[in-house]
Amino acid sequence: MAFDRKCRDKPAAIAETMPQTLPGSILFACILVSGITAGSAAAAMLDDALGEGAIQRRNFLTLLLFGALLVVSALLLLWVETR
C-alpha cells in the first residue's frame, strides 16, 4: 500500500520541480544544451591532453562560451522562477 502511494505522488513532485513559465522553460532548455555542449568540449580537451596532442583553441573557446552560458542561464532561471 505504501509503494502505491509513493508512485501516485511522484508525478506531482516532478511537476513541481519543472519550470512553470515560458521563460523558465526556455532557460531550462538552454541549460541542457549548454551543459551537453560544454561537457563535449571538455571531453575533447581531455582527449587531446591525454593523447599527448595540443589542446585546440576551438575546444577551449567552446568550453568557455558554453560554460558561461550555462552559469548565466542557471542564475537567470533561479531569478525568473523565484519571483
Side-chain angles (χ1 to χ4, degrees):
M1 185 63 97
F3 179 74
D4 187 39
R5 195 174 317 125
K6 286 181 185 178
C7 289
R8 271 187 278 141
D9 294 339
K10 196 163 202 139
I14 291 172
E16 290 174 2
T17 60
M18 292 298 294
Q20 300 296 318
T21 61
L22 180 61
S25 298
I26 292 170
L27 288 169
F28 187 74
C30 189
I31 289 171
L32 290 177
V33 169
S34 61
I36 291 169
T37 307
S40 175
M45 287 175 60
L46 185 62
D47 185 43
D48 288 341
L50 295 176
E52 299 179 9
I55 295 175
Q56 295 179 4
R57 173 174 271 173
R58 180 186 66 211
N59 288 337
F60 178 73
L61 293 176
T62 302
L63 179 64
L64 189 64
L65 175 71
F66 281 98
L69 180 63
L70 178 66
V71 170
V72 169
S73 299
L75 291 174
L76 283 173
L77 179 66
L78 288 173
W79 181 63
V80 166
E81 289 297 318
T82 57
R83 285 192 289 156

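Hydrogens, waters and symmetry mates play no part in the numbers below; they use all other heavy atoms, side chains included. For the single chain, residues carry numbers from 1 onward in sequence order.
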For residues 27-38, dump all side-chain donor-acceptor pairs below 3.5 Å to protein atoms at least two apart in sequence or in another chain.
{"unit_1": "Ser34", "atom_1": "OG", "unit_2": "Cys30", "atom_2": "O", "d": "2.8"}
{"unit_1": "Ser34", "atom_1": "OG", "unit_2": "Ile31", "atom_2": "O", "d": "3.3"}
{"unit_1": "Thr37", "atom_1": "OG1", "unit_2": "Val33", "atom_2": "O", "d": "2.9"}

Shared ILVMFWY cluster between Met45 and Leu61, side chains joined below 4.5 angstrom?
yes

Under 4.5 Å between side-chain heavy atoms, counting indirect links through other Ile/Leu/Val/Met/Phe/Trp/Tyr residues: same cluster for Leu64 and Phe66 or not?
no

Minimum heavy-atom distance between Gln56 and Asp48, given as atom pair plus value
N-OD2, 3.8 Å

Straight-line distance of Leu70 CG to Leu75 CG, nearest 0.5 Å:
9.5 Å

Would you say the side chain of Asn59 lies within less than 4.5 Å of the side chain of Leu63, judging by non-hydrogen atoms?
no

